Amino acid sequence: MAVVRLFAKFFSKKNTIQKAIQFSKAGNLIQLKAKNYKESIHFDKNMVLAGDIYEETRLEGLIIVPKNVSVTFQNLTISPTAQMYIEGEVVLQNCFFIGGKNDVHVTVDNGKMNAYSCRFEQAKEMAVSIINNSKAIFENCTFEHNGKVQILVESSQVCIEKSEFSHAKHALCIKNGSFVQTRNLHMYHHTSAQIVVEDSRFIDHESVIEYGDGMGIHVYHEGDASLQSTVLQHNNQTQLCVQRGILTARNCSIWQGKDAGISITQNAEIQLFHCEIGQHKKTNIVVSKHSKMNIEHCRIYDGENFGLQIGDGSILNLTETHIRGNRSSQISLSNKSILSIKRCSIKEGYHVGICIEDQSNCSIVESDITHNANSAITLFKSELSIFHSTVSENIGNGILAMSQSKVEVDQCLFSTNEMPHIACKSNVEVAIVQSKLFNGKSLFIVNECELTAVDCQFYDSLNVQIEICDLSNARFEHCQIYNGKSYGVKVLRNSSLFLEDSQIFGHELSQLVVNDSSVILKNSELFDGKRHALFIQNHSEVFATDCFISKHAHHQVWIDFESTIELTGVQMMDGALTDIFAQNQSAVFITDSIIRNNKSRFNVQAVNFSNIEIRRTVIENSYGDVYYSENHSYIKQLDT
C-alpha cells in the first residue's frame, strides 16, 4: 500500500487532504501529521486516512463517503462543522468525535460503518444516525453527552458490543423495522428511556442499564425485544415497559427501581425465565389492558407495593416462581383478568397473598401460600380453583371469598391460619374435595352462601370448627369433623346443613349446634363428645336417619325453644346423661330406632310443654326409668 505523508509545512491552499486524495491511488494510506485540519473532504476512492499515534490529529469540516467507496479512519479527532455523511463503507479505529457546530456527528444512509474503540461526545442532537437499510458495528466505544440520542437506528441493522453510553436523553432509539443486537453494554444517566424499541427487533446479552431518570427499556408499537442476563437497576421510572409489543427475558435482574419493575400494557406479550424482579418503590410487575405474560422459575420480592398487579382483562401464567415479602398484596388480580399458578410459593407478604376482584379467575396448582400478614387468598365477585396446594400460617384467613364468588378446593391442606381457613360471605359458592383443614377454625360460611364438602377432614381447632350462618346452606359427604377444643359444627340463623356418611367426634363442647335452622343427618356418626351430640334450639328442625350417636358426657340430644327433631333408624347409646332431653314447646319424633342407656336414670325426658312420639323403637335402661315428663309435656309410644 502506498503511503502519502502530509506535513504541516507543505500545506497551502493547494496542498490539502482533498488534494492528496485526488492525486492518490485507490487503496493508499494517507498519514497525517498531528495538527488541526480545517476543510471539507469528499472521498471518491477507497483509502485509509490515519492520524498521528502520539499527538492529536484533528479534522474540522464536512466529510462525505459516497456509495461504492470504502474509507478507514484511524487515530483521528473529528470535530465536524457538519455531519460525517456515509453512503459507502467506513471503518473507524480509535477515533474521537467531539463537539462541533453540527447536530449529528455521523449519518449512515444506506451505507456501512464499523467503529472500534471510538468516542462520540457532545453532539447537539445525536452521535450517530443509522438510517435507510444501513449496517453498523460498534465495539469498545463510548458515547457521552450527545443531546437527544446517542445512536438512532431506523430501518437498519446494528451490532454493539462492550460499549458505554451516558448523559443524553436516550442511549438507543430503534425504529421502523430495525434490528439491533447488543452485548456487554453499560448505560446510565439518561434523562428519558435509555433504550427505545419501536416496531423493531432488539436483542441484548449481559448489559447493565442503570441510574436513568426515565425508563430503562421501552418497547412499544409492535416492538420485539429479547434480553439475556441483562441487569436493569436504579432507574427512576418503570425499568422495563412493554406497550403493544413483545419481550422475552432470561436470567435477568430487575431490581431497586424507584417506580415499577416491569409494566406491560395494551395487548403486550412478555415471557420471563429465571429472572429476579425485586425491591421496587412501586409494584414489581404490572400487567394491564389485555396483555399476556408468562413467568417461569423467577423470584419476585420485596416490592413496596404489589408484587404482581394484573388487570383489565389480562392473562398471567406463573410456574415454579417464588413471590415473597411484598408490602401490599403479593398478587392483585382484577377486572376480568385470568391468573394461573403452578408449583409456586407465595409467602412472607406484609398484606394479602393473592387478591382476586371484579369477575377475575384464578387457578392454583401444587403451590404454597404461607406466612402472609393477612389472608392468603381474598376474592370478591370472582372465581378461584385451588388444587394440591398448602395454605398455612397466614395471619388472616386461608381463603376469604365474598359477594357472588365461586371457590373450588381439591386435595389441599389448610393449617394454622389465625382466622378461619375458608370464610365465605354473601352469595358465595364453595366446593371442597379431599382436603384437610386443621389447627384453626375450618369454615365460616355466612349470608346466603352454598357449601359442598366431600371426603374432607376438619380437625384440631381451638375455636368452632365449622360455622354456617344467615341463610346459608351446606352439604357434607364422607367427611370427618373431630378433635376440636370448642364446638364441632354450628348451624345458625335460618341456615341448613345436610350431613351424609360422615363422622363428628371428639369435641370439647357440643358436636352439632342448630339454632333457628335446619339439619339433615343421614348414615352418619356422632360420638365421643364432652358435651352434647346435638344441641338444637330456637325454632330449629333436625331430621336424622340411619345414624349412630354415642358416648357423650351431657344429654346426647338437647332440644329447646319450639324446635323439632325426627329420628329414624337411629342408634343412641352409652350416654352419660339422658339421651334425649326436650323442653320449652319442642317436639321429638322417633321411629325404628334403638336407645340404650345404662348410666342415667332416664333415656328420654320432655319438660315445659314438649312432646315426644315413639314408634317401633327399642328403648332400654338398666339403671332407671325409660321416660320422664313434666309441666304439660307428654311422651307417647304409639305402637304399644
Side-chain angles (χ1 to χ4, degrees), residues 283 300-310 322-334 339 341 344-358 360 362 364 367-386 389-409 412-430 432 435-447 449 451 456 458-470 472 484-486 490:
T283 301
I300 303 166
Y301 61 95
D302 295 347
E304 294 294 325
N305 203 326
F306 301 107
L308 281 156
Q309 186 175 17
I310 308 106
H322 301 284
I323 302 172
R324 174 183 58 81
N326 296 284
R327 290 281 174 180
S328 191
S329 299
Q330 305 241 51
I331 300 177
S332 173
L333 183 69
S334 63
L339 171 63
I341 300 173
C344 295
S345 68
I346 302 164
K347 63 181 182 179
E348 298 174 7
Y350 289 84
H351 197 40
V352 174
I354 304 172
C355 183
I356 310 162
E357 300 178 292
D358 304 327
S360 296
C362 179
I364 303 171
S367 297
D368 296 332
I369 308 171
T370 63
H371 297 94
N372 294 285
N374 204 313
S375 296
I377 304 170
T378 297
L379 63 157
F380 179 81
K381 293 184 178 179
S382 297
E383 295 186 11
L384 168 69
S385 300
I386 179 167
S389 297
T390 299
V391 181
S392 65
E393 299 180 86
N394 299 283
I395 302 301
N397 301 104
I399 297 174
L400 174 60
M402 298 174 286
S403 299
Q404 301 176 354
S405 295
K406 293 183 179 180
V407 178
E408 182 181 2
V409 179
C412 292
L413 186 150
F414 291 75
S415 73
T416 325
N417 297 296
E418 293 195 10
M419 296 180 70
H421 297 319
I422 299 177
C424 302
K425 182 178 181 181
S426 301
N427 299 105
V428 173
E429 295 181 20
V430 56
I432 310 171
S435 297
K436 294 183 179 181
L437 295 83
F438 60 96
N439 285 345
K441 185 168 184 173
S442 295
L443 300 173
F444 182 68
I445 312 298
V446 63
N447 291 345
C449 294
L451 165 69
C456 295
F458 308 88
Y459 57 98
D460 291 351
S461 172
L462 295 176
N463 205 324
V464 181
Q465 301 224 84
I466 297 170
E467 195 164 349
I468 302 155
C469 311
D470 299 316
S472 295
K485 303 304 180 184
S486 179
K490 277 188 171 182

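Since the structure is predicted, the reported quantities are computational estimates derived from the model, not experimental observations. Each residue takes its place number in the sequence, starting with 1.
You'll find the side chain of I445 stays beyond 4.5 Å of the side chain of E467, heavy atoms only. Using a 4.5 Å cut-off on side-chain heavy atoms (C-beta onward), L413 and F438 make contact. Between V430 and I399, every side-chain heavy-atom pair lies at or beyond the 4.5 Å cut-off. In this structure, the side chains of V407 and L384 come closer than 4.5 Å at one or more pairs of heavy atoms. Contact annotation: the side chain of L308 never approaches that of Q330 to less than 4.5 Å [non-hydrogen atoms, C-beta and beyond]. Contact of the K436 side chain with the Y459 side chain is registered, since non-hydrogen atoms from C-beta on lie closer than 4.5 Å. Between I354 and I364 the shortest side-chain heavy-atom distance falls below 4.5 Å. L443 is listed as a side-chain neighbour of F458, based on a closest heavy-atom distance under 4.5 Å.
Between the NE2 atom of H351 and the CZ atom of R327 there is a distance of 13.0 Å, given to the nearest 0.5 Å. Within the model, atoms CD1 of I369 and CD1 of I341 stand 6.0 Å from one another, a figure rounded to the nearest 0.5 Å. Residue I422 holds its CD1 atom at 12.0 Å from SG of C449, rounded to the nearest 0.5 Å. In this structure, the separation between CD1 on I300 and CG on D302 is 12.0 Å, given to the nearest 0.5 Å. Atom CD of Q465 sits about 9.5 Å away from atom CG of N463, to the nearest 0.5 Å. One finds the CD atom of E304 at 9.5 Å from the CG atom of N326 (value rounded to the nearest 0.5 Å).
For I356 against C362, the heavy-atom pair with the smallest separation is CD1-CB, 3.4 Å. Among all heavy-atom pairs drawn from K406 and L379, the shortest one is O-CD1, 3.8 Å. S360 and S334 make their closest contact through OG-C, 3.1 Å (heavy atoms, listed as atom of the first residue, atom of the second, distance). When every heavy atom of V391 is checked against every heavy atom of G398, the shortest pair comes out as CG1-CA, 3.6 Å. In this structure, S375 and L400 approach most closely via the heavy-atom pair OG-CB, 4.2 Å. Closest of all the heavy-atom pairs between I386 and C412 is O-SG, 3.3 Å.
Using a 30° and 60° split on the angle between ring planes, F414 and H421 fall in the tilted class, from 30° to 60°.
At least one donor-acceptor pair closer than 3.5 Å links the side chain of S382 to the backbone N or O of F380. Not a single donor-acceptor pair under 3.5 Å links the side chain of S435 to the backbone N or O of I432. S328 places no side-chain N or O within donor-acceptor distance of the main-chain N or O of F306, the cut-off being under 3.5 Å. For the pair S329 (side chain) and I331 (backbone), a donor-acceptor distance under 3.5 Å is absent. Side chain of N397 to backbone of P420: a donor-acceptor contact under 3.5 angstrom is found. Between the side chain of N417 and the backbone N or O of N394 there is at least one donor-acceptor pair closer than 3.5 Å. At least one donor-acceptor pair under 3.5 Å links the side chain of S405 to the backbone N or O of M402.
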Verdict with reasoning, E348 to N372, per side chain to side chain donor-acceptor pair (under 3.5 Å): CA-CA 5 Å; E348 298 174 7; N372 294 285; over 6 Å; no
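A salt bridge between D368 and K347 is absent, with no side-chain N of the basic residue lying under 4.0 Å from a carboxylate O of the acidic one.
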